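Working notes for the structure below.
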Amino acid sequence: MSTTTPLPDTDGPTRIVHGACPHDCPDTCALKVTVQGAPGAERVVHVQGWAEHETTHGALCTKVSRYAERTHHPERVLHPLKRVGPKGSGQFERITWDQALREIATRLSAIAARDPQAVLPYSYAGTMGMIQGESMAARFFHRLGASRLDRTICASAGGAALALTYGGKLGMRVQQFAHARLILIWGSNSIASNLHFWTYAQQAKRAGAKLVCIDPRRTETADKCHQHIALRPGSDGALALALMHELIVHDRLDHDYIARHVQAGPDGWDGLRERALQWPPERAAAVCGIDADVIRALAQDYASTRPAAIRLNYGMQRVRGGGNAVRLIALLPCLTGAWREAAGGLLLSSSGSYAAVRDDAALQRPDLLAGRQPRTVNMSTIGADLLRPASPDFGPRIEAVIVYNSNPVAVAPQSPEVVAGFRREDLCTVVLEHFLTDTADHADYVLPATTQLEHLDVHTSYGHTDVLINEPAIAPLGEALPNTEIFRRLAAAMGYDEPCFRDSDEQLARAAFKAPIDLDTLRRDGWQRLPLPDAPFADGGFPTPDGRARISAPALGWGLPDHVAPWESAASDPALAARYPLAMISPPARHFLNSSFVNVKSLRDIEAEPVVEIHPDDAAARGLVDGTVVRVHNDRGSYHATARLSTRARPGVVNGLGIWWRKLGLRGTNVNEVTHQRLTDMGQAPCFYDVLVEVEPA
Ligand SMILES: Nc1nc2c(c(=O)[nH]1)N[C@H]1C(S)=C(S)[C@@H](COP(=O)(O)OP(=O)(O)OC[C@H]3O[C@@H](n4cnc5c(=O)[nH]c(N)nc54)[C@H](O)[C@@H]3O)O[C@H]1N2
Ligand SMILES: Nc1nc2c(c(=O)[nH]1)N[C@H]1C(S)=C(S)[C@@H](COP(=O)(O)OP(=O)(O)OC[C@H]3O[C@@H](n4cnc5c(=O)[nH]c(N)nc54)[C@H](O)[C@@H]3O)O[C@H]1N2
Ligand code: SF4
Ligand SMILES: [Mo]
């Protein structure tokens, strides 16, 4: 954790600007941005946390403390570029904005005249801002009638599970973890990816709480917990069922809470009770690769400690059974009545807390579809879909992709197919970016986008419940433009004359929220807190149709939750497991944020090189020593990394830390060479941590 960066030795008065961290991180920190220099030549000299923002209390992670280095990076793309070399070569010439917009509009118009669904937007959470995310961009694609994008790459399995079980992406207030007596940190490396939650967990620890980490990898977070349960990837559902088994047989249930607030009957608690009784600890222990006594003790702790809180994170739902596992875990605090206390319950995502104040329709204007129902393409299968021919099922072949706020060539699963798709000579690819990423290298046109320090935005969070403003700190560098302005100009070049394409960023920011959130208060104070109860489900009141926590919904096609074995495991495919005996997970490297920051040298120097952690016994069996460059491979492809012999990897599981830019990794590859495009049980999400591989010296 770092709160200061040295001030460079420049003169002149300074100015402080209210900012918000735009990154895909649950913390959404308030930033205090210090600007110096004459108007027109201002530089950001300092990015700090804003100490008065209670939730993030002035502390930033190392990555964003270096944000000035990222914005003023010498390799920023600062004017439009047009491809001159072969597809994917990254060879470009500088062109004017006028030429870029005219040529792109001509190509898109020609495609749209045949079928606008052949145009696909591709975006995710490069910025989480509501304005530079899906506002003007969504209006543009709605007006065009382009294919819609199902944004599943991160969180949709767990999101669907929470929506089914609780009625929304809702949970404990993060501040409350400070008062818990037991915290299960389940599938989350909080020190790396949820720093401010970790601060609250530390407060609880100092006050005597027990911290248990449930994660196949012995992370830096696991090191600092009292107990680490290193289960096999994709076995969390089995663990949750065995915990229920123990709660039932030792009668540690809160019968009153269940009777009043949990779905009853054969589709509800009666059915689940019967199912859980089929999961004695020994059965789950065999699935999870842990000791049955560990499960018994965990159940005992969970039942006897109050308040008991669970911090789930998305790491554990990137497997085939991710949705079912989240449903089962989300029911645990309903069975013990942990929800009765403000510091008990569970938090996976708080993003549903904003449902009443966000006005996404005002920003995105779905009415511009004018009754059309374009097809939806799943972003997680972009590799397969770019290669798919036209068909009655799929519709037209994808002829143009417009990428913003994402780097699919590095982050999407099964990169051999993703790369082949983006290499199609006939595909028109436009990428709005800060840098020549792996994806931008495949563009026909690269359009220079502003960073968070150069544009206006407003932010909600998925880890806390505040709304923040980000004021532009400096003018756009070079010829860079905010995403909104790029889509405004593209709309004009396409001849769209609806007044909504002339809304300014300030008008958009004003339209983004309903009372009590409003732009003037945000401008004055920097942030606003949602008025929410401290203990959301103390008296039930889940926002499900009948107000009860939901165990199944047969009418929606969801039966009782169950353990679902991974796609790639000895249990589901013994022949595959014989050839590729190691399970691989690819969690984030601490100093990168997905593939962002890989090109920031001071951060890349800390990570040094792409690493695959392997248990010393697995390494010895393969003749590997620490530092061997290895080839990690399966039938889909292979990537190169440096082997780190470490008990951070459990036997049988290797940890390929992500997500390197391919061109900055070893031999132009990264970990997604070996991942696949099969989807989770709910939410159509990718199974990044459900992969079998073999490792050998390169
Ligand atoms: N520094 C940093 N912070 C980040 C990110 C980053 O890339 N770097 N990414 C951001 C993003 S996009 C997100 S979605 C959020 C949340 O991001 P997450 O992807 O949830 O990140 P982690 O907290 O690292 O959690 C992943 C953890 O889950 C563990 N895990 C893997 N498979 C399983 C399993 O089957 N069961 C269990 N129990 N655990 C498993 C991994 O070992 C790892 O420690 O964090 C954000 N914050
Ligand atoms: N193997 C493996 N793969 C994974 C994961 C994993 O754990 N393992 N994690 C997955 C997860 S959880 C996620 S969320 C995805 C994340 O995947 P992405 O959402 O693609 O995230 P990033 O890699 O950070 O890329 C974001 C890009 O947006 C750009 N950007 C940022 N702000 C702006 C802006 O204002 N305008 C424009 N035009 N561009 C901007 C950045 O420069 C950056 O290149 O990756 C997934 N891929
Ligand atoms: S990446 Fe997360 S922890 Fe780091 S500054 Fe941004 S919101 Fe805060
Ligand atoms: Mo994510």
Side-chain angles (χ1 to χ4, degrees), residues 1 20-29 31 47 49 56 59-65 67 70 123-129 132-133 153-155 185-196 213-217 219 221-222 229 231-236 239 312-319 322 325 380 403-408 410-413 431-435 437 439-440 447-452 454-455 457 461-463 482-483 486 566 585-599 653 655-656 658-659 661 670-672 674-675 686 688-691:
M1 194 185 308
C21 176
H23 285 292
D24 188 348
C25 169
D27 295 39
T28 317
C29 290
L31 305 182
V47 176
T56 58
L60 302 182
C61 62
T62 314
K63 306 176 290 290
V64 172
S65 302
Y67 212 78
R70 188 177 185 277
S123 69
Y124 201 63
T127 169
M128 304 270 302
Q132 305 307 333
I153 201 150
C154 170
I185 301 179
W186 200 324
S188 168
N189 181 8
S190 316
I191 293 180
S193 70
N194 194 188
L195 200 53
H196 297 85
C213 179
I214 304 174
D215 192 314
R217 178 170 183 246
T219 59
T221 307
I229 301 176
L231 77 186
R232 287 199 187 101
S235 64
D236 304 85
L239 176 58
L312 263 187
N313 211 337
Y314 287 114
M316 46 72 61
Q317 46 99 68
R318 298 193 179 113
V319 294
S380 301
V403 182
Y404 52 104
N405 303 341
S406 186
N407 184 11
V411 306
V431 178
L432 285 59
E433 252 300 348
H434 303 149
F435 295 106
T437 60
T439 306
L447 303 179
T450 46
T451 69
Q452 188 77 345
E454 302 153 83
H455 56 227
D457 219 326
S461 169
Y462 64 100
N483 290 342
I486 298 176
I585 58 173
S586 47
R590 180 169 175 180
H591 296 96
F592 301 151
L593 204 135
N594 300 320
S595 77
S596 295
F597 296 104
V598 179
N599 63 325
V653 180
N655 311 324
I659 309 173
W661 286 16
N670 80 9
V671 66
N672 278 316
V674 293
T675 54
F688 288 116
Y689 303 167
D690 178 343
V691 172

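Since this is a predicted model, take the numbers as computed values, not measurements. Both ligands and their constituent atoms are indexed starting at 1 by order of listing.
When only interatomic distances are considered, the shortest N/O to N/O separation between R70 and ligand 2 falls below 3.5 Å. At under 3.5 Å, not a single nitrogen or oxygen of T437, backbone or side chain, sits near a nitrogen or oxygen of ligand 2. The N/O atoms of V671, backbone and side chain alike, include none that comes under 3.5 Å of an N/O atom in ligand 2. Looking at ligand 2, you'll find an N or O of S406 within less than 3.5 Å of one of its N or O atoms. Of the N or O atoms in N407, one or more lie within a sub-3.5 Å distance of an N or O in ligand 2.
Smallest separation of non-hydrogen atoms from S586 and F688: OG-O, 3.9 Å. Residues R590 and A192 approach most closely at CG-CB, 3.8 Å, considering heavy atoms. Considering every non-hydrogen atom in both C213 and T219, the closest pair reads SG-OG1, 4.3 Å.
Atom SG of C61 is separated from atom OH of Y67 by 11.0 Å, given to the nearest 0.5 angstrom. In this structure, R70 CZ and L593 CG are separated by 9.5 Å, a value rounded to the nearest 0.5 Å. The line from OH of Y314 to OH of Y689 is 13.0 Å long, rounded to the nearest 0.5 Å.
A donor atom on one side chain and an acceptor atom on the other are not found under 3.5 Å apart for T451 and H434. Residues D236 and W186 have side chains that bring a donor and an acceptor to within less than 3.5 angstrom of each other. In the model, N405 has a side-chain atom that pairs as donor or acceptor with a side-chain atom of N483 under 3.5 Å. Between N407 and Y124, the side chains place no donor N or O within less than 3.5 Å of an acceptor N or O (distance only, hydrogens not considered).
Within ligand 2, counting atoms from 1 as listed, the ones closer than 4.0 Å to a heavy atom of H455 are 35 (O). Annotation for ligand 2: atoms under 4.0 Å from non-hydrogen atoms of G126 are 26 (C), 28 (O), 31 (C), 32 (N). Less than 4.0 angstrom separates some heavy atom of L593 from each of these atoms of ligand 3: 1 (S). Close contacts of ligand 2 with A449, meaning ligand atoms under 4.0 Å from a residue heavy atom, involve 36 (N), 37 (C), 38 (N). The N672 neighbourhood of ligand 2 comprises atoms 1 (N), 2 (C), 3 (N), with distances under 4.0 Å to a heavy atom of that residue.
The backbone and the side chain of N405 each have at least one atom closer than 4.0 Å to an atom of ligand 2 (non-hydrogen atoms only).
Residues meeting the side-chain contact (heavy atoms from CB on, under 4.5 Å) test with C21, sequence neighbours left out: H23, C29, L31, V64. Applying the salt bridge (charged side-chain N to carboxylate O under 4.0 Å, His left out) test to R318 and every residue at least two apart in sequence or in another chain returns nothing.
Between the side chain of D24 and the backbone N or O of A125 there is no donor-acceptor pair closer than 3.5 Å. Put simply, the side chain of N313 never gets that close to the backbone of G315: no donor and acceptor are under 3.5 Å apart.
Ligand 2 has no atom lying under 4.0 Å from any heavy atom of T451.
Around atom 8 (Fe) of ligand 3, the protein atoms of type N, O or S that sit closer than 2.8 Å are C29 SG.
Listed by chain and residue number, the protein contacts of ligand 1 are D24, C25, P26, K63, C154, W186, G187, S188, N189, A192, S193, I214, D215, P216, R217, T219, L231, P233, G234, D236, N313, Y314, G315, M316, R318, Y462, I585, P587, P588, A589, R590, F592, L593, N594, Y689 (heavy atom within 4.0 angstrom).
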Practice task
Go through the steps to decide whether T56 and H196 satisfy the test side chain to side chain donor-acceptor pair (under 3.5 Å), and finish with yes or no.
Solution key: CA-CA 6 Å; T56 58; H196 297 85; 4.9 Å; no

